[in-house]
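Take a look at the structure set out below.
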Protein chains: 2
Amino acid sequence: MSWRKDQGRAERGYHHGNLKEALLQAALDLISKKGPAGFTFADAARMAGVSPAAPYRHFRDRDELIASIAQRGFEQFESLLTQAWDDGRPDTVTAFERVGKAYLAFAREEPAFYSAMFESGLPVDSNPTLMAASERAFAIIRAAAERLAALAPPGMPRPPAMMMALHIWSMSHGVASLFGRGDAARRKLPMSPEDLLEAEVLIYLRGLGFPTERRPGAAPTDEKPSGDRSGPWGKAK
Amino acid sequence: MSWRKDQGRAERGYHHGNLKEALLQAALDLISKKGPAGFTFADAARMAGVSPAAPYRHFRDRDELIASIAQRGFEQFESLLTQAWDDGRPDTVTAFERVGKAYLAFAREEPAFYSAMFESGLPVDSNPTLMAASERAFAIIRAAAERLAALAPPGMPRPPAMMMALHIWSMSHGVASLFGRGDAARRKLPMSPEDLLEAEVLIYLRGLGFPTERRPGAAPTDEKPSGDRSGPWGKAK
DNA sequence: CAGCTCATGTGAACGGCTTTTACATGAGCC
DNA sequence: GGCTCATGTAAAAGCCGTTCACATGAGCTG
């Protein structure tokens, strides 16, 4: 936070000094308030205290600004997922669930990033660096799926990790985009999005033959659980 | 198709005669081409051959037009799902899978409807009739889940049908919105969205204790399958 | 058929947005 | 000290959404 000029209204000369950052920040504010459609290039400029033409020195057009935000979003997303996955500690299933929760937390706490990344209608394949960032984020989920697949019970055919990763991603995105954000598209739920997704993933993993009873402790040993008889939907009302 | 005037350019008097329909149709065309954000009220008017102010005789504003489209979308969606479900014939699991395929087919073949329904950023709860239409569509999925839950194997605790319905919905929406449409947000897949979703749902159902081997025939008897050893991911590459 | 009425369409206008162009400023470098 | 170029501004064109006063004519009433 060592900006040379305080953001916005502070007296500043002809040159802003940090316009690109200020515009990205303003856009994030605006998008989180009014969605990516409601966000306006001119508004961001106004919020940064510059003329409507100034942003064009830093972004080819409005779409490029949104793409920049999506790019940063994927980077933060990747970092968050990496941290949640924590290389599968303390055990694979626990870490996997933590990734699911992190996914929802990101969608809820960074709605502007999430919208820019998944709901802005930008053609993903038009921007190679954007697609690369997106794939790096997905790679975390895929790596986690790989580890999970590796310890599939020997009796069953091993599921393809890529498919598992896509399944998990679609569940997470489905829950996040239908029920995840408080403001828009609110629909009544009998349980929290987090619990809904957790149950969904646990049932899915059980369908693949994984033991999904409550994990006993922190140790990666997959033992029989104690007397906790609650299934994956223990928290449903 | 008994429109009094042929659509569009045909010589017509001061009054269009079918403007509301023509506008909805034009909007569908435009949205399917350029997304709900790219769609323009003025464009729709132009396409219908009227002045930019004319649409305001039929819709309070642009959002109301989009809401109208979403409304119709939910109605068509409900009808399509009802037809696919076919009251659970020939057997519950087969019918259930048909519903999943119908979901994806709708998202792919009616991208304009789908966008208006789920990606337009309209506040769903602001419009009661819209929300009602949305709930009627969801009710089909819920009814199917109810039937499925009813025949859960006796050994296991019965899953709440509402939760199952939400899970299925989130899977379907997740797959549809991440991988479903050809144009936008294309990501490489090792299998078709349909196969991806089918495998996902089958694994999930198996996690609930349902027998999900290949169904033997049309009879609703749930017998042991023949020698088909393919799991739910038989089609993955 | 005459006349009235009201739904439906028009034209002009306002303000806002995006984007471009010519011009202004001043930060950093020689 | 002076040059240069990135970065800002002002003005303008073209589009859009929306509103308002006004025009038209379809359909009813008698």
Side-chain angles (χ1 to χ4, degrees), chain A residues 2-27 29-31 33-69 116 120-122, chain B residues 2-27 29-31 33-69 116 120-122:
Chain A
S2 64
W3 289 358
R4 291 187 40 218
K5 318 273 181 170
D6 294 338
Q7 57 246 51
R9 68 219 171 287
E11 78 305 329
R12 51 155 263 266
Y14 200 89
H15 291 296
H16 182 286
N18 250 357
L19 188 50
K20 188 162 187 171
E21 269 325 300
L23 288 172
L24 286 167
Q25 193 54 51
D29 286 2
L30 291 170
I31 292 178
K33 271 181 213 137
K34 308 189 294 181
F39 150 75
T40 243
F41 220 38
D43 246 340
R46 206 169 302 131
M47 192 166 299
V50 297
S51 77
Y56 289 85
R57 296 294 174 194
H58 301 275
F59 303 97
R60 194 171 359 84
D61 56 19
R62 186 176 171 283
D63 280 356
E64 192 180 280
L65 197 168
I66 295 185
S68 275
I69 289 182
S120 62
L122 294 184
Chain B
S2 63
W3 289 359
R4 292 188 38 218
K5 319 272 181 171
D6 295 336
Q7 58 246 51
R9 68 219 170 288
E11 79 305 328
R12 49 156 264 264
Y14 200 89
H15 290 296
H16 183 287
N18 250 357
L19 188 50
K20 189 162 187 172
E21 266 328 297
L23 287 172
L24 287 166
Q25 192 54 52
D29 286 2
L30 291 170
I31 293 179
K33 270 182 212 137
K34 309 188 293 184
F39 150 75
T40 242
F41 220 36
D43 247 340
R46 206 170 302 131
M47 192 165 300
V50 297
S51 77
Y56 290 86
R57 297 296 175 191
H58 301 275
F59 303 97
R60 195 172 358 84
D61 55 19
R62 186 176 172 283
D63 280 356
E64 192 180 280
L65 197 168
I66 296 185
S68 275
I69 289 182
S120 61
L122 293 184

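Small disclaimer: the values here were computed from a predicted structure and weren't measured. Residue numbers begin at 1 in each chain, while the letters A, B, ... track the order of the sequences. The analysis underlying the following values was restricted to heavy atoms, covering all of them including side chains, and did not include hydrogens, waters or symmetry mates.
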d([atom1], [X]; [atom2], [N]) in whole Å:
{"X": "A:Arg62", "N": "D:dC16", "atom1": "CZ", "atom2": "C1'", "result": "13 Å"}
{"X": "B:Lys20", "N": "C:dG9", "atom1": "NZ", "atom2": "P", "result": "12 Å"}
{"X": "A:His16", "N": "D:dG8", "atom1": "NE2", "atom2": "P", "result": "7 Å"}
{"X": "A:Glu64", "N": "C:dT18", "atom1": "CD", "atom2": "P", "result": "15 Å"}
{"X": "B:Arg57", "N": "D:dT24", "atom1": "CZ", "atom2": "C1'", "result": "12 Å"}
{"X": "A:Asp43", "N": "C:dT18", "atom1": "CG", "atom2": "P", "result": "8 Å"}
{"X": "A:Phe41", "N": "D:dC15", "atom1": "CZ", "atom2": "P", "result": "20 Å"}
{"X": "B:Leu30", "N": "D:dC15", "atom1": "CG", "atom2": "P", "result": "16 Å"}

Item checked: Straight-line distance of B:Asp29 CG to B:Leu24 CG, nearest 0.5 Å ->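 Rounded to the nearest 0.5 Å, the CG-CG separation comes out at 11.0 Å.
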Return yes if some donor-acceptor pair links the side-chain N/O of [X] with the main-chain N/O of [Y] below 3.5 Å, else return no.
{"X": "B:Asp43", "Y": "B:Arg46", "answer": "no"}
{"X": "B:Asn18", "Y": "B:Glu21", "answer": "no"}
{"X": "A:Arg62", "Y": "A:Phe39", "answer": "yes"}

Next item on the list: Would you indicate whether the side-chain heavy atoms of B:Leu30 and B:Thr40 approach each other to under 4.5 Å?
Entry: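 Not in contact.
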Notebook entry, point to check: Of all the nucleotides listed (C:dT18, D:dT19, C:dG9), which has the minimum atom distance to the side chain of B:Tyr56?
Noted result: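 So the nucleotide nearest the side chain must be D:dT19.
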Next item on the list: Quick one: label B:Ala54 by what it contacts on the DNA or RNA (base, sugar-phosphate, nothing), any heavy atom closer than 4.0 Å.
Entry: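 Touches a base.
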With a cut-off of less than 4.0 Å, is there a side-chain N or O of [X] near OP1 or OP2 of [N]?
{"X": "B:Thr40", "N": "D:dG17", "value": "yes"}
{"X": "B:His58", "N": "C:dA7", "value": "no"}
{"X": "A:Arg46", "N": "C:dC17", "value": "yes"}

Margin query: Here's a test of your reading of the structure: between A:Ala53 and B:Pro52, which maps to the more 5' nucleotide of DNA chain C?
Written below: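 Nearer the 5' end of the strand: B:Pro52.
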